[in-house]
Undergrad: 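Provided herewith is a single structure, encoded as structure tokens, for subsequent inquiry.
Throughout, protein chains are lettered first and strands after them, A, B, ... in sequence-line order, and every chain is numbered starting at 1.
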2 protein chains.
Amino acid sequence: MKTSLEEMLAFVTVVDSGSISAAAEQLQQTASGVSRALSRLEEKLAVTLLRRTTRRLELTEEGEVFLARARRILDSVEEAEEQMALRRQVPVGRLRVNTA
Amino acid sequence: MKTSLEEMLAFVTVVDSGSISAAAEQLQQTASGVSRALSRLEEKLAVTLLRRTTRRLELTEEGEVFLARARRILDSVEEAEEQMALRRQVPVGRLRVNTA
DNA sequence: CTATATTACGACGGTCGTAAGAATT
DNA sequence: AATTCTTACGACCGTCGTAATATAG
């Protein structure tokens, strides 16, 4: 449980946007931050996820595998948060209304 | 995506162990830290997950709902990490062996 | 030469543990 | 009265942005 959601999000966003700098913009961060988040993730997993040059990004096999899982995890978190947000506004149980 | 895995883990551990102090021990933290992690999570979700007195813990309805999802998320992360660990040791593809 | 990625550095923010205080039984 | 939870206070660790450096095309 050493990996963080932020790091997973950085990874997924980099893949989706095609570059670290594009991901940075999308995440409202600097490229520096995204680059480090990615390195941190790889270090924690002890695996190379993305083979990168200054021009091209290429997913490794491990990256491919992890990507799918990371996506699902991020979606699940989003979903859980949204459900809480909903539950806040829509109290459960019967709704009793007195009509005139 | 504001919530963190650490906070979810704190929440789940508190529920499973029955108290904040027990969870703290299990997580190798202080009760103070776990208590704050829990409060942080509730604040971020803007929801009360656990109604707590000094003696009793009671899941709210929202807590119940979130608990199930948090468990699944934590398991998924664990799984993803383990898969990377495996893949590290067991390179994929054909294994060629020259026998004498 | 240009665009992108990484790294060193200093700064800042968030989380921690300790210790004191509050609350429940 | 005892146990547990919470909070205030410093301290610390991790992450950040900037700016400099490296590198691919």
Undergrad: How far apart are the closest heavy atoms of A:A31 and A:I20, and which atoms are they?
TA: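 That would be O-CG2, 3.6 Å.
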
Undergrad: For the helix from C:dC1-D:dG25 to C:dT25-D:dA1, what angle lies between the axis at the first five pairs and the axis at the last five pairs, to 10 degrees?
TA: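 Rounded value for the end-axis angle: 40°.
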
Undergrad: Apply side chain to side chain contact (heavy atoms under 4.5 Å, CB included) to B:K44 and A:E81, showing your working.
TA: CA-CA 9 Å; B:K44 287 173 180 178; A:E81 289 176 344; over 6 Å; no

Undergrad: Could you list all the salt bridge (Lys or Arg N to Asp or Glu O under 4.0 Å) pairs where at least one residue sits in residues 8-21 of chain B, not counting sequence neighbours?
TA: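 Qualifying pairs: B:D16-B:R71.
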
Undergrad: Of all the nucleotides listed (D:dT4, C:dT18, D:dT18), which has the minimum atom distance to the side chain of B:S21?
TA: D:dT4

Undergrad: Measure CD/B:E6 against C1'/D:dG14 and give the value in whole Å, please.
TA: 13 Å

Undergrad: How would you list all residue pairs meeting side chain to side chain donor-acceptor pair (under 3.5 Å) that involve residues 20-30 of chain A, not counting sequence neighbours?
TA: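 Applying side chain to side chain donor-acceptor pair (under 3.5 Å) to every pair that reaches into residues 20-30 of chain A, excluding sequence neighbours, yields A:S19-A:S21.
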
Undergrad: Who are the side chain to side chain donor-acceptor pair (under 3.5 Å) partners of B:T13, not counting sequence neighbours?
TA: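 If we apply the side chain to side chain donor-acceptor pair (under 3.5 Å) test to B:T13, skipping adjacent residues, there are no hits.
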
Undergrad: For B:L74 and B:E78: C-alpha separation, side-chain torsions, deciding distance, then whether side chain to side chain contact (heavy atoms under 4.5 Å, CB included) applies.
TA: CA-CA 6 Å; B:L74 292 172; B:E78 199 78 40; over 6 Å; no

Undergrad: Are any protein N/O atoms closer than 3.5 Å to N/O atoms in nucleotides 10-13 of chain D? If there are, list each pair with its distance.
TA:
none

Undergrad: Extract from the structure each pairing of a protein N or O with an N or O of nucleotides 6-9 of chain C at less than 3.5 Å, listing the distance.
TA:
unit_1, atom_1, unit_2, atom_2, d
C:dT6, OP1, A:R52, NE, 2.6
C:dT6, OP2, A:S35, OG, 2.8
C:dT7, O4, A:S32, OG, 3.2

Undergrad: Under 3.5 Å, which donor-acceptor pairs link side chains of residues 45-53 of chain B to any protein atom two or more places apart or in another chain?
TA:
unit_1, atom_1, unit_2, atom_2, d
B:R52, NH1, B:E42, OE1, 3.4
B:R52, NH1, B:E42, OE2, 3.2
B:R52, NH1, B:L50, O, 2.8
B:R52, NH2, B:E42, OE1, 3.0
B:T53, OG1, B:R55, N, 2.8
B:T53, OG1, B:R56, N, 3.2

Undergrad: Please determine if a side-chain N or O atom of B:R40 lies less than 4.0 Å away from the OP1 or OP2 oxygen of D:dT7.
TA: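 Answer is no, no contact under 4.0 Å.
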
Undergrad: Kindly write out the residues that satisfy side chain to side chain donor-acceptor pair (under 3.5 Å) with B:S17, not counting sequence neighbours, or none if the list is empty.
TA: none

Undergrad: Dump the pairs, protein N or O against N or O of nucleotides 21-25 of chain C, anything under 3.5 Å, distances to one decimal.
TA:
unit_1, atom_1, unit_2, atom_2, d
C:dT24, O4', B:T54, OG1, 2.8
C:dT24, O2, B:T54, OG1, 3.4

Undergrad: Would you check if A:V15 and A:L57 make a side-chain contact, meaning some heavy-atom pair closer than 4.5 Å?
TA: no

Undergrad: Applying salt bridge (Lys or Arg N to Asp or Glu O under 4.0 Å), name anything that partners B:R36, two or more places apart in sequence or on another chain.
TA: none

Undergrad: Both A:L57 and B:E7 contact DNA chain C. Which one's nearest nucleotide lies toward the 5' end?
TA: A:L57

Undergrad: A:A70: what forms a side chain to side chain contact (heavy atoms under 4.5 Å, CB included) with it, not counting sequence neighbours?
TA: A:M8, A:V12, A:F66

Undergrad: Restricting to side chain to side chain contact (heavy atoms under 4.5 Å, CB included), what partner residues turn up for B:Q83, sequence neighbours left out?
TA: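 Partners of B:Q83 under the side chain to side chain contact (heavy atoms under 4.5 Å, CB included) test: A:V65, A:R69.
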
